[in-house]
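All figures in this text were calculated on a predicted structure; none of them were measured in a lab. Side chains included, hydrogens not; waters and symmetry mates left out as well; all remaining heavy atoms used. Along the sequence shown, the residues carry numbers beginning at 1.
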Amino acid sequence: MKSVVTTVIASADAAGRFPSTSDLESVQGSIQRAAARLEAAEKLAANLDAVAKEAYDAAIKKYPYLNNAGEANSTDTFKAKCARDIKHYLRLIQYSLVVGGTGPLDEWGIAGQREVYRALGLPTAPYVEALSFARNRGCTPRDMSAQALTEYNALLDYAINSLS
């Protein structure tokens, strides 16, 4: 697997030199970003249930038809599935933080979900609203460093844009 460290070493070796200061700074930056991503993933894991519940409540508040009696989508089963899906998206964001890319989110979350929602006639708007709430209204894991919060928010933005 290629990483910044292996790429820098291979590049310097191919040029017949030791890694330069800028090469080492690039490696250090990569390590710092990885540490921030792991911090964000850890905080999200610790607060996943609370974040998912607050985000789900925000989606229900904005889309009250999901809660109305008599509506096809208002069953307890649908509500439970909606809450589960929001938690699923947040867990995929957590996995993406750990691996340092959008792979898990793309492969498991976004690629098939949009088509499933479209085929079943389900709206994606409640999920977009839930993730937007988690992104914009302070429903983020607490006690995160600025870099960790940046990494977390970047993946939330990616998921929101992909589902929109």
Side-chain angles (χ1 to χ4, degrees), residues 1-13 19-60 62 79-118 120 122-164:
M1 181 176 162
K2 280 189 164 187
S3 70
V4 174
V5 176
T6 58
T7 304
V8 164
I9 291 171
S11 173
D13 188 47
S20 67
T21 303
S22 63
D23 290 338
L24 295 176
E25 287 173 356
S26 144
V27 169
Q28 181 181 10
S30 174
I31 291 170
Q32 288 171 344
R33 284 192 65 216
R37 286 192 308 269
L38 289 176
E39 175 193 348
E42 182 180 83
K43 298 296 181 180
L44 180 57
N47 297 307
L48 187 66
D49 291 331
V51 172
K53 183 181 179 340
E54 291 173 24
Y56 172 74
D57 290 344
I60 291 297
K62 183 164 183 176
K79 290 184 223 176
K81 287 179 181 178
C82 186
R84 180 203 62 205
D85 288 349
I86 291 167
K87 192 172 181 178
H88 177 72
Y89 281 120
L90 290 172
R91 190 168 305 281
L92 289 174
I93 288 168
Q94 177 188 356
Y95 296 158
S96 295
L97 285 165
V98 171
V99 300
T102 61
L105 198 54
D106 290 335
E107 294 169 15
W108 298 331
I110 294 168
Q113 290 295 91
R114 253 191 324 214
E115 287 76 20
V116 169
Y117 295 150
R118 195 173 299 132
L120 296 176
L122 299 173
T124 59
Y127 304 106
V128 170
E129 176 61 26
L131 294 174
S132 295
F133 180 83
R135 166 72 171 91
N136 296 326
R137 295 193 185 90
C139 186
T140 57
R142 281 31 173 213
D143 305 322
M144 247 189 234
S145 68
Q147 181 65 34
L149 194 56
T150 299
E151 298 288 336
Y152 171 77
N153 286 336
L155 282 169
L156 277 171
D157 288 340
Y158 180 80
I160 290 165
N161 292 333
S162 296
L163 286 172
S164 296

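- The distance from atom CD1 of I60 to atom CD1 of I86, rounded to the nearest 0.5 Å, is 7.5 Å.
- For the atom pair CD of E42 and CE of M144, the computed distance is 10.0 Å after rounding to the nearest 0.5 Å.
- No donor-acceptor pair under 3.5 Å is formed between the side chain of S30 and the backbone N or O of S26.
- With respect to the salt-bridge test (charged N to carboxylate O, under 4.0 angstrom), the residues K53 and D49 do not qualify.
- Minimum heavy-atom separation, A36 to Q147: CB-CG, 3.2 Å.
- Looking at I93, L131, D106 one by one, the single match for side chain to side chain contact (heavy atoms under 4.5 Å, CB included) with Y158 turns out to be D106.
- Rounded to the nearest 0.5 Å, atoms OH (Y89) and CZ (R84) are 10.5 Å apart.
- A distance of 10.0 Å separates OH of Y127 from CG of L163, quoted to the nearest 0.5 Å.
- For the residue pair A55 and F133, the shortest heavy atom distance occurs at CA-CD2, 3.8 Å.
- Rounding to the nearest 0.5 Å gives a distance of 13.0 Å between NZ of K87 and CG of L92.
- Side chain of N161 to main chain of D157: a donor-acceptor pair is present (N/O by atom type, distance under 3.5 Å, no hydrogens or angles).
- For the pair T150 (side chain) and A146 (backbone), a donor-acceptor distance under 3.5 Å is present.
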TODO: Test L44 against R91 for side chain to side chain contact (heavy atoms under 4.5 Å, CB included), laying out the working first.
DONE: CA-CA 8 Å; L44 180 57; R91 190 168 305 281; over 6 Å; no

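- D23 and S20 are linked by a side-chain donor-acceptor pair at a separation below 3.5 angstrom, with hydrogens and angles left out of the test.
- Heavy atoms only, all atoms of each residue included: R37 and G100 are closest at NE-CA, 3.2 Å.
- With S145 contributing its side chain and A148 its backbone, the two residues share a donor-acceptor pair below 3.5 Å.
- Using a 4.5 Å heavy-atom cutoff, the side chains of V51 and L48 are not in contact.
- Taking CG from L97 and CD from E39, the interatomic distance works out to 10.5 Å, rounded to the nearest 0.5 Å.
- Scanning all heavy atoms of the two residues, the minimum distance from G101 to L155 falls at O-CD2, 4.4 Å.
- Summarising the geometry of A58 relative to E129, their closest heavy-atom pair is O-CG, 4.2 Å, with the distance given to 0.1 Å.
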